[in-house]
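Everything numeric in this text was worked out from a predicted model, so none of it was measured. Order of listing sets the numbers, starting from 1, for every ligand and every atom in it.
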Amino acid sequence: MGWWFDGFVGTSEWWRTATVYQIYPLSYADASGDGFGDLRGIIEHLGHLGGKTDSLGVDAIWLSPIYRSPMVDFGYDVADHCAVDHRFGSLQDADALISQAHSRGLRVLLDFVPNHTSDQHEWFERARRSRTDRYRDWYVWADPSPDGGPPNNWLSAFARIGRAWTFDEPTGQYYLHSYTAQQPDLNWRNPAVRAAMHEVMRFWLDRGIDGFRVDAPHRLGKDALLRDNAPDVVDLRVATQLDDRRHRNLDDPAVHEILRGLRRVTDSYPDRVLIGEVGVHHPVRRRDYYGAGDELHLVFDFGFWSNPWRAEAFRRSGAEQHAVIEAGGWPTHALSNHDLSRHASRYAHRTATGLDTDARARAAAVLLTTLPGTTFLYYGEEIGMTDVALPDEYVEDPDGRDPERTPMQWDFASPAAGFSPARPWLPVPQAGPDVRTQSADPHSLLSLYRDLLRLRRTHPCLRSAGYADVHTDPDVYAFRRPVGDRTLLVAINFADTPRAAKIQAERLDPNATVVVSTGARPPGTTIDPSELVLEPDEGLVLELPTGRFGSNATLLRAHK
Ligand code: GLC
C-alpha cells in the first residue's frame, strides 16, 4: 500500500495515519448460530469496515483475544496461544479472515496477552504439579509470609478480587495474579518465558497479521524482591498518577528490556506495529514506553479517555500529545474500549427533552479523527451505541464491564438486532441505533464518521504531524493542522449553548470554507472565522484559504 505522509519526517509507517477499529469478537456477529460472535461473522461484515465506497473506511481491525480460553476474563485468560477458541471458529477461519481483510485493504491486529495465562494453560498445569517441575519458574511463586498470609500487600487490578496472591495447597506456596486467580502472572525474568512468548508472536506474524495490541505491558516489570507497596500507594490508579515508584508490582524499569525484546521480534517482519495498553496515568512515565524508538510504536493514552467533557481537559491532552511527538513518539486517540463505559453514555447530557447521547458523540467523532495521531474506534461507536443496562443474571465479568460489551446492533428489523439467530450471550436492547437505518441516512452519526474518515485518509493536513492550539473562549477547544501552504482549523464547542469562538488572531482571512460540521452548516459554505459562533456541541472543520493562515502563525498560540 502506498502512503503519502507529507509534512512529517518523511516516514511511511502506515499506522501513523491509521484509524483502527476494535472488534470484541464475542459480540460482533454470530455466523454459527450459537449466540456467540465468531470469525466467520466478522468476515461476513468486513464490507461495513472497508473496501467498498460506502464502507466506514477504517484502515485496520484489532480483535480482542480469539485464543482458546475458559473465558473467566472473556479471552484475556489464554489457555492456548496458538489455537482459536471453539466459540470463534478455527485456525482456518483466522487465516481466511486475515486474507479477506487484506484483500479489502484492511490490516489485522491481534491482542497479545503477555502478563499472564489462564490457569488451564498447559504451562501452569505443569508449574503447579511440583516445586521441581521445569515449568515451575515460568510463573511467580513465593512462600507465605511468617504469619502464613500472602507474601506481600499487592492487590489485584480488579477491586472485587482483593489480594493478588492465591495459595496453592499441594505445593505450599502462593502464586501471583495481577487480575483474577485464574490468570497467574508469567515470570518474564525467566528467559524460557521470553523465548516461548516470542515464539507465540512469530506464530501469528507468520500467518500474516500486521501487529499486536499488547495487553497490560506495564505489568511485565515488577520488583524482583517482591517488596510491599508503600501503604499510601496501594491504590494503583492513584499511584500511577505520581511521578515516583513507591509501588512495586508494575512499571518496574525491568519492563523496558522486555519490551525491546518484543520490538525486535516485531521488527524482524516488515511494516508491523506494537500498540501498548500502558496503564500508567502519569503522562511522562507513560512516554517512557516508546523507548528510544525501540519499544512500543504506539501507547494508549489513559489521560485522553479519562477526560471529562471539558474543553480545557482535552486542550491539556492535546499539549501532552504534542510533547509525545516532540519526544519522538506518536500519540493515540480513543474514547471507548471493552474496559470503559462507552463514551456516548459517559458524555450523555440531560436536556429538556431527555438524555442526549448523540450531540457529544458527534463532536467527539470530530475530535477523534482530526488530532494528529492514530485513532481507535470501538465497534458500535460509529452508530453511537450506548452502554446497555443488564439484569443481574447477565453480569458475568469479574470487573463489571458487560454493559459496554453487548452485541453489535446491525438491524433492529431482524431478531437480536441482526447479531445472531439464537439467544445472544449478552442481551440486545429493544431499540437503539442500528447500522441499517444509519447507512441510509446522510445525517446519521455513521455518515458523519464516513465523511470524517474519508477526510482523514485524503486531506494532507490530517496526514501530517502539524498541530498548534489556538486561543479561544474557554468552552471551545480549537487547533489548527498546517502542512505546506494548507491549514485546517478544527473548533469544538464543549458547551450545550452557542459560543462565540473568539479565535484570537488578527488579520484572519474572512473566507474560510466549511469542510465538516456536526451542526447545521452545509459543507462548502464560506464563513469568517473571526466572527465564528459555534452551535451547541458543534464540532467544525474549516479550511483556511491557501497560504494566509501560515503567515499569521505567530499570532496563534503554539502550545509550548
Ligand atoms: C487489560 C484488558 C482487560 C483485561 C486485563 C487482563 O486491561 O484490556 O480487558 O481484563 O488486561 O488481561
Nearest heavy atom to atom 12 (O) of ligand 1: which of Asn337, Asp215, Asp339, Asp77 does it belong to?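 Looking at heavy atoms only, Asp215 sits closest to atom 12 (O) of ligand 1.
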Please state which protein non-hydrogen atom is closest to [atom] and give its distance, to 0.1 Å?
| atom | value |
| --- | --- |
| atom 4 (C) of ligand 1 | Asp73 OD2, 3.3 Å |
| atom 7 (O) of ligand 1 | Glu277 OE2, 2.7 Å |
| atom 5 (C) of ligand 1 | Tyr179 CE2, 3.6 Å |

The single option from Tyr379, Phe376, Tyr76 passing ring pair (Phe, Tyr, Trp, His ring centres under 6.0 Å) against His338: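 Among Tyr379, Phe376, Tyr76, the one meeting ring pair (Phe, Tyr, Trp, His ring centres under 6.0 Å) with His338 is Tyr76.
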Which of Phe36, Phe419, Trp410 passes ring pair (Phe, Tyr, Trp, His ring centres under 6.0 Å) with Tyr28? Answer is Trp410
Below 6.0 angstrom between ring centroids: does that apply to [X] and [Y]?
| X | Y | result |
| --- | --- | --- |
| Phe304 | Phe314 | yes |
| His116 | Tyr179 | yes |
| Phe158 | His177 | no |
| Trp138 | Phe124 | no |

For ligand 1, is any non-hydrogen atom under 4.0 Å from [X]'s backbone (N, CA, C, O), its side chain (CB onward), both, or neither?
| X | result |
| --- | --- |
| Arg213 | side chain |
| Tyr24 | neither |
| Arg219 | neither |

Distance filter under 4.0 Å to [X] heavy atoms, resulting ligand 1 atoms:
| X | result |
| --- | --- |
| Phe158 | 10 (O) |
| Arg405 | 9 (O) |
| His116 | 6 (C), 12 (O) |

Could you work out, with ring-ring contact (aromatic ring centres under 6.0 Å, His included) as the rule, every residue matching His297, not counting sequence neighbours?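 Scan of His297 (ring-ring contact (aromatic ring centres under 6.0 Å, His included), adjacent residues dropped) gives Trp15.
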Tell me whether ligand 1 is touched by Phe74 - counting only heavy atoms on the residue side and a distance under 4.0 Å. no
Check each of Leu155, Asn249, Asp185 against Ser178 using the side-chain contact (heavy atoms from CB on, under 4.5 Å) test, and report the only one that passes. Asp185
